[in-house]
Student: 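One structure, pasted below without further comment.
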Amino acid sequence: MGEEVPVKFEQALSGRSTCRATGQKIEKGEWRVGLEVWISGRVATAWMKPLPFLQECCHVEYALNPSSQQGSCRATGAKFVRGDVRFVATAGDPSKKIYLSLAAAGAALRPVLQHVGAVAFRPCQLAGLETLAAEDRASFYQAFEVTQEEAERFDSEHAPPSPPSLDKPTPKGKGKGRAQAAKQADAEQDVQEEQAEEGGEPEAEEKQGQGGGEVEGGVQRPAKRAKLGQRESASKPAGGESQAGGAATSIEEQQMTALERQRAELIARNRERLMALNLPGMAAELLPQQQRKVPAVAQHKGVSRKRLSEVLPRRESSRLRGIAADGSQVHSERQGQVVVVAGEVIRRYASGTMTEEQEPQERHPQDDLPFESNNCGHATDEAFIELLAHAAASANSGAGPGSPRKGGTAPAGGKRGGKGGAAASGGGAMMKAAQMKRLQLAPTDVAKVTKDATTHLAFHPTTDTLIVACADKKGNVGLWHVNEGQYELPAEARPAEPILKQAPASLEATPEEHPAAATSGAVSLETPAAGDNGSGGAFDGVLALNPPHYEYICGLKWAGASGRGASLFTASYDGSLRRLDVEQGVSELVVSSEDAEYSCMDVTSDGRTALLGDNEGAVVLVDTRQAPRPAPGGGALTVHGKKVNTVSIEPLQEQVFATASTDTSIRLWDLRAWGKGAKPLATAGHPQACQAALFAPDGSRRLVSTSFDNTVRVWDGGAAAGLAQRLSIRHDNNTGRWVLPFRAVWTPPADGVIVGSMKRFVDIFDASSGAMLAQLSSEHMTAIASRNAVHPAGLPVLASATNSGRIHVYRH
């Protein structure tokens with residue numbers, strides 16, 4: 001078989017190829033490395049940039065496949081045998097690979113290494129070299145022309161291990177034969193011990209009873225028939241009686257020694273005595289009954305689905321009911337609404353209420369909305385808004401986790417009756433990623449906060465107590481005071497006048513149904529009347545607000561008042577951006593558009609500037625201090641060719657922001673260069689759609705991205721070359737149709753990344769090495785946690801949201 005070129009190295013003939021390792025575009029004339037692999041049912045050439053190819057797609061290993069087939073060299077066709085060293089080159093995907101011998105790999109990669117240069121990459125940096133034994137390393141050094149000085153330095157840093165073991169597992173059936181041989185040897189030893197106890201020597205008795213055995217080389221070897229004859233004579237009854245005159249003994253009794261037979265008789269005699277006295281039955285009655293351990297069940301908190309109490313009539317079509325068709329047809333359909341065309345009149349109806357008499361529904365709520373819930377009364381709403389106002393005033397202003405609290409309440413983030421957040425995190429320091437394995441989920445820390453799948457969630461930045469805001473796919477927003485019943489609002493924090501100026505008219509008429517607020521300052525104020533939330537009972541900390549949006553909420557963030565969370569911003573597919581002012585108790589409409597479908601949102605820490613991405617690949621710059629208008633300030637800047645999935649503002653350099661798109665790319669932008677013709681500061685990407693790219697909270701300009709290519713990657717946005725990939729973690733991100741796509745987030749110190757798992761875990765990885773640090777799970781979290789949030793102040797808590805709208809707060 002003639003040798004073929006296993007690795008191609010050439011200049012790109014056009015600008016249409018893409019690097020399989022990084023997803024970046026390969027420009028025309030740029031050097032590239034190609035491998036012929038099986039792609040989409042055919043053999044094709046996969047192209048990669050030289051440096052990423054060497055760093056991520058090449059390694060050496062021992063051929064230790066469980067099967068007899070160990071592969072063959074692509075260059076020479078020679079087959080590898082078990083224990084050989086082989087060079088492995090992949091095309092970005094571990095399943096698309098080729099094998100080469102060390103000599104063939106050194107020759108094929110020599111021009112690539114010369115092009116990259118020893119400063120950027122040296123042969124000793126190839127993955128897997130540290131696992132080779134000394135002899136195999138010598139072959140590698142020779143094939144890749146490694147200098148003696150560099151080889152000695154590498155061996156001193158990485159001591160050569162021993163060669164791998166080439167022992168194969170024991171085939172089926174051989175172990176059984178060995179066990180039988182051992183059993184037979186034990187039986188022969190028992191016979192010899194029995195004969196020794198009777199006073200005779202085994203060899204002499206065998207020789208006398210059986211006429212002796214064969215002698216070879218001065219060593220007597222009794223014949224096999226002699227042993228069998230001895231066994232038969234020992235099993236015959238004394239006095240020459242035949243077996244017909246007594247009970248036939250079993251094979252086990254024939255092989256038992258005299259001591260074993262005596263012991264068996266004693267056990268049988270004792271068992272008969274116990275049964276005669278009925279001692280086992282009496283003992284069973286005296287023993288305590290073992291109670292079956294029942295796992296703790298998380299009590300229901302929060303909103304619940306309303307169940308119909310009446311039986312509805314059977315649904316029938318107009319044809320079955322004898323109603324003639326009116327000629328109307330559905331012109332277009334969108335989630336949550338249907339547009340019906342009847343002649344030339346276009347009407348928009350809410351889904352499920354298709355009536356001619358109904359007024360057309362607006363695309364989103366107009367004007368300002370009062371702070372009002374649909375599961376509690378006015379007194380609870382007033383108490384909750386006062387709690388938010390106090391939290392915004394005190395957040396990060398000196399009242400930290402270690403501050404004293406009234407009433408002996410537990411600190412935020414700490415367990416009930418356990419250690420507080422400050423003690424758990426080392427005197428106020430942020431919890432490291434490696435320490436998050438200590439977090440646990442209690443049954444009382446689970447609540448259904450939104451009616452539908454939770455799309456976004458965020459902790460309020462206050463460290464006095466725990467407050468979580470959540471949004472779902474249907475435009476609902478919920479607030480959960482996790483420490484409800486433990487935290488008491490200080491009396492001096494209660495305003496002289498109520499924040500909510502006027503109660504709803506329905507509550508003014510029947511004040512006895514919703515008792516007034518108590519004067520103790522506690523947040524748990526009332527017992528909602530039956531029917532308010534479908535269950536009644538004491539307030540459990542969950543407040544379901546009247547929907548501020550009608551469609552999928554694409555963004556949620558606490559901002560304003562220098563990052564103290566004075567406002568809650570929410571954006572939606574319905575073309576609106578809202579700001580909930582906790583000091584005024586009003587949800588203000590900041591942006592209103594009849595055409596745009598916003599898909600993501602981010603806001604600066606002071607709450608003055610917002611960025612909105614849409615489904616067409618554009619980003620809109622908004623000044624939130626201005627009145628709402630159809631065309632937001634700043635205009636639209638096209639940043640991608642497809643939907644913008646996330647927009648992330650750098651926390652310390654807020655003029656820089658990053659976007660991630662379905663077109664697989666990640667781009668950095670500068671607000672100071674906003675305008676037509678603006679170009680990105682840097683571009684990178686994945687082979688498949690990128691669902692998120694979020695900045696690290698420490699200001700290092702690192703990004704963590706999540707993609708459908710089953711990787712979570714870390715990028716350095718401050719590198720001179722633009723976006724440089726620092727880490728790639730293999731992770732199953734194929735969530736399918738019914739689970740929201742995963743989005744990896746940073747730990748508060750930015751030393752780890754957190755992402756959900758298809759196996760109902762919460763995975764925590766090291767941001768430097770990619771190693772798995774912890775997997776959080778609990779019997780109380782029974783679904784996949786697609787979205788996660790950490791506390792911005794670094795408290796030892798983690799909130800995980802599922803598609804059922806339930807929030808699970810892990811605490812230390």
Side-chain angles (χ1 to χ4, degrees), residues 302 384 387-388 391-392 395-396 412-413 430 445 447 449-450 453-473 475-483 541-545 548-549 552-572 577-582 587 600-607 610-611 624 646-649 651 692 694-697 704 740 742-748 750 754-756 762 785-802 805-811:
F384 212 110
L387 171 66
L388 293 176
N396 300 332
M430 292 186 178
D445 288 338
V449 185
T450 57
T454 302
T455 58
H456 291 272
L457 70 163
F459 279 104
H460 192 280
T462 181
T463 55
D464 285 346
T465 188
L466 292 180
I467 304 173
V468 184
C470 308
D472 70 5
K473 297 171 63 175
N476 299 297
V477 173
L479 300 173
W480 181 20
H481 185 207
V482 185
N483 286 348
V542 176
L543 201 70
L545 301 179
H549 302 279
Y552 185 106
I553 294 182
C554 61
L556 178 146
K557 186 175 182 180
W558 294 99
S562 301
R564 293 201 300 267
S567 302
L568 178 64
F569 288 85
T570 55
S572 171
L577 170 66
R578 285 193 167 273
R579 173 181 54 207
L580 172 62
D581 189 338
V582 301
S587 176
C600 57
M601 178 270 290
D602 200 3
V603 185
T604 55
S605 60
D606 58 9
L611 293 173
T624 62
T646 59
V647 55
S648 178
I649 298 176
L694 305 177
F695 272 113
V704 58
L740 290 174
F742 291 149
R743 289 185 177 180
V745 298
W746 292 91
T747 57
I754 304 171
V755 63
V762 178
S786 55
R787 300 295 164 91
N788 300 277
V790 296
H791 199 284
L795 294 183
V797 293
L798 171 66
S800 300
T802 63
R806 284 181 172 81
I807 310 301
H808 310 76
V809 177
Y810 288 83
R811 301 203 237 183

Student: Got a second to check how far F569's CZ is from T604's OG1, nearest 0.5 Å?
Tutor: 7.5 Å
Student: Which residues satisfy the side chain to side chain donor-acceptor pair (under 3.5 Å) test with T646, sequence neighbours excluded?
Tutor: none
Student: Going by heavy atoms in the side chains, are I754 and T747 under 4.5 Å from each other?
Tutor: yes
Student: Do any N or O atoms from the side chain of T455 and from the backbone of A471 form a donor-acceptor pair under 3.5 angstrom?
Tutor: yes
Student: Report yes if the side chains of W558 and V582 come closer than 4.5 Å at any heavy-atom pair, otherwise no.
Tutor: yes
Student: Taking S800's backbone N and O only, do any of them form a donor-acceptor pair with H808's side chain (distance below 3.5 Å, no angle check)?
Tutor: yes
Student: What heavy-atom pair brings A610 and L577 nearest, and what distance separates the two atoms?
Tutor: CB-CD2, 4.0 Å
Student: State the CD1-OG1 distance between I807 and T450, to the nearest 0.5 angstrom.
Tutor: 6.0 Å
Student: Closest approach of F742 and G756, non-hydrogen atoms and distance?
Tutor: CE1-O, 3.6 Å
Student: What's the spacing between L795 CG and M430 CE if we round to 0.5 Å?
Tutor: 9.0 Å
Student: What residues form a side chain to side chain donor-acceptor pair (under 3.5 Å) with S567, not counting sequence neighbours?
Tutor: none
Student: Of the options L387, L545, V468, which is the one that meets L479 in a side chain to side chain contact (heavy atoms under 4.5 Å, CB included)?
Tutor: L545
Student: Give me the atom names and distance for the closest heavy-atom approach of A750 to A696.
Tutor: CB-CB, 4.0 Å
Student: Do the side chain of D602 and the main chain of I649 share a donor and acceptor less than 3.5 angstrom apart?
Tutor: yes
Student: State, to 0.1 Å, how close P697 and P748 come at their nearest heavy-atom pair, and which atoms those are.
Tutor: CG-O, 3.5 Å
Student: Donor-acceptor check, side chain of S786 to backbone of T802, threshold 3.5 angstrom: yes or no?
Tutor: no
Student: What pair of heavy atoms forms the shortest contact from M601 to K557, and how long is it?
Tutor: CE-N, 4.4 Å
Student: Report yes if some heavy atom in the side chain of T570 is under 4.5 Å from a heavy atom in the side chain of H456; otherwise report no.
Tutor: no
Student: When you measure from the side chain of T454 to the backbone N and O of C470, does any donor-acceptor pair fall under 3.5 Å?
Tutor: no
Student: Treating H549 as the side-chain partner and K473 as the backbone partner, does any N or O pair qualify as donor plus acceptor under 3.5 Å?
Tutor: no
Student: Any donor and acceptor pair, going by atom type alone, linking the side chain of R578 with main-chain N or O of S587 inside 3.5 Å?
Tutor: yes
Student: Given the rule in the side-chain contact (heavy atoms from CB on, under 4.5 Å) test, do L466 and R811 qualify, once you have shown the distances and angles that lead to the verdict?
Tutor: CA-CA 11 Å; L466 292 180; R811 301 203 237 183; 4.0 Å; yes
Student: So, the side chain of T465 versus the backbone of N483: is there a donor-acceptor pair under 3.5 Å, distance only?
Tutor: no
Student: Do you know the tightest heavy-atom contact between A793 and T463?
Tutor: CB-CG2, 3.5 Å
Student: To the nearest 0.5 Å, what is the distance between CG on L457 and CZ on F459?
Tutor: 7.5 Å
